[in-house]
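Here is the structure we will look at, set down as structure tokens.
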There are 2 protein chains.
Amino acid sequence: MQSAGDTLYLGIDGGGTRCRSRVVNSRNELLGTGIAGPANPFQNLQQARNSIVEAAKMAVTAAGLEPGCLAQLVAGVGIAGVNVPHAYQLMSAWQHPFGRMYLTTDTHIACLGAHGDRDGAVLVVGTGSVGYAIAGDSVLSLGGHGFPFGDTGSGAWLGFEAMRAALLAMDALGPATALVAALEHELGANRLGIIDAMAGARSRDYARLAPAVFGVADAGDPVAVAIVSRGRDYLDDLARRLLQTGVGRLSLLGGLSAQYASRLSLDVVASLHPAAGEPDAGAVRYAMLRHAQPAASERTPAAV
Amino acid sequence: MQSAGDTLYLGIDGGGTRCRSRVVNSRNELLGTGIAGPANPFQNLQQARNSIVEAAKMAVTAAGLEPGCLAQLVAGVGIAGVNVPHAYQLMSAWQHPFGRMYLTTDTHIACLGAHGDRDGAVLVVGTGSVGYAIAGDSVLSLGGHGFPFGDTGSGAWLGFEAMRAALLAMDALGPATALVAALEHELGANRLGIIDAMAGARSRDYARLAPAVFGVADAGDPVAVAIVSRGRDYLDDLARRLLQTGVGRLSLLGGLSAQYASRLSLDVVASLHPAAGEPDAGAVRYAMLRHAQPAASERTPAAV
């Protein structure tokens, strides 16, 4: 065990597309960063573990440290899905190479990164959608239940609802919509060929259709407008419930934040604050918070 | 080539759970039947082919014929998914053991079986949902686009919408509903554990929740009632579009036919007729119709 002054902290921000890392000293001075491939334990557990180690090694190397020092690092790891008990257990059971590993959700570290020591909330809308608030000693997590049944308003949800609407329109069992032509164009397919193109599709495949859905809505197509409005209404409700915890600050994050920033209700928009820092900095902050509680045992991150 | 009087016909009804077969002579007299495992080319192409051959061999054996006579059979094969071009191509490319094979959808043979030589329509509601009408020389196929984006009103759709509603209710971002307790009970899980239980679930897994959804609706839960009503409204619309083709007969088939028969609108219910025969008999009928058109080339079954 090193003395407190020498403790090095690793922050890991694991996502479905890439994994970011940073190493800092005990005064939170940045020593090095790294970036590696996907780290989503639901999609590929071994790949997620490999990406975390790879990103950590890159940050350590960038910091001018020996690879062997991984065993001294106090790691804060934020990763999607670990609010679900089974995924948390799979990640916790890992014989990881770090000195200590404190595990929490990607949303939690995004919130810690966005607001630092202050109370605050995040609404993350990209491929998925999720809300998280830290208010004093309590946290509130909403949404983030994953595709296909959760994540209302997200990119994946928008693409999925557009597919549903287009297929109903093709049968004349739903209103005609320009979404049919838009999806045919996006998928390079005609009519029922869009089913073929999306057979077995994952959340990211549906999310790739989201820009087209926004485009058709912006052109005034009533069906697309209705889909986007349903997503917007859900996110408005979610944001208001986060703000009801008493936090004054809400950051809108994720790949669709710009698209929704212009659509959310004025009362919600009035509470929006830019994020102060990145999720990997929030992961470092989480490691420091947990490491300062020596008696704390590993546990599933509280959902509510 | 045998003389016309000696031609034997094989009817195959391939489904996601089992594959049924029958062999008849040229006067459509039943010689033997068989039954084998799943035959869904989307789920498992090789298994589907194996099940078809196994069911065919059983029917041939039951008819007291030599296994080698498969090469003389004129087969009508009705199987899910071949309205989608890619699945049709995969099944058509098969070096099957039959003398001739005429391929069409499971819904088409269900319609031929239900109505024989008469015009008629079928509305099939089980794990999936689909409508099909034969009116003179034209056919109309509606729905049947598959899970998760199609098959409104089906068992899989009911289970899926119940999951969505339960998760919204848990977050208090949707109305409270007894579906939460019902799904927890069905899945042997608590709260977010239902996500775990349904992670990666297929259409049949969602369809297993359908009886619980009907049960909660029958007990008066407004959220469950709204879901079932949306499914019922879609199926009413679908049935009316089928009847608009001019067919006077509509048969309601599939595992949820009893549940919906009591819920459909009176104008639709007034057009319901029991099916005259089984889908495998419709597959035989299809083989006979196609074989009587010697110039007809293999083609994708017309969708509309």
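Every chain is numbered from 1, with letters handed out A, B, ... down the list of sequences.
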Nearest 0.5 Å please: distance from the [atom1] atom of [X] over to the [atom2] atom of [Y].
X	Y	atom1	atom2	result
B:L167	A:D151	CG	CG	10.0 Å
A:Q89	B:D196	CD	CG	8.0 Å
A:L168	B:F149	CG	CZ	12.0 Å

is_close_aromatic(A:F160, B:F160), centroid dist under 6.0 Å: yes
Greatest number of heavy atom pairs closer than 4.5 Å to chain A - which of B:G131, B:G174, B:G143: B:G143
Contact leader toward chain A among B:M163, B:H145, B:M198, where contacts are heavy-atom pairs under 4.5 Å: B:H145
Side chain to side chain, B:F147 and A:P148, heavy atoms closer than 4.5 Å: no
Members of residues 237-244 of chain A whose heavy atoms come closer than 4.5 Å to chain B: A:D237, A:L238, A:R241
Close contacts, residues 182-190 of chain A versus chain B, judged by heavy atoms under 4.5 Å: none
Portion of A:A165 that has a non-hydrogen atom of chain B nearer than 4.5 angstrom: neither
Any donor-acceptor pair under 3.5 Å from A:D171 side chain to B:L142 backbone: no
B:M170 versus chain A, the contacting section by heavy-atom distance below 4.5 Å: neither
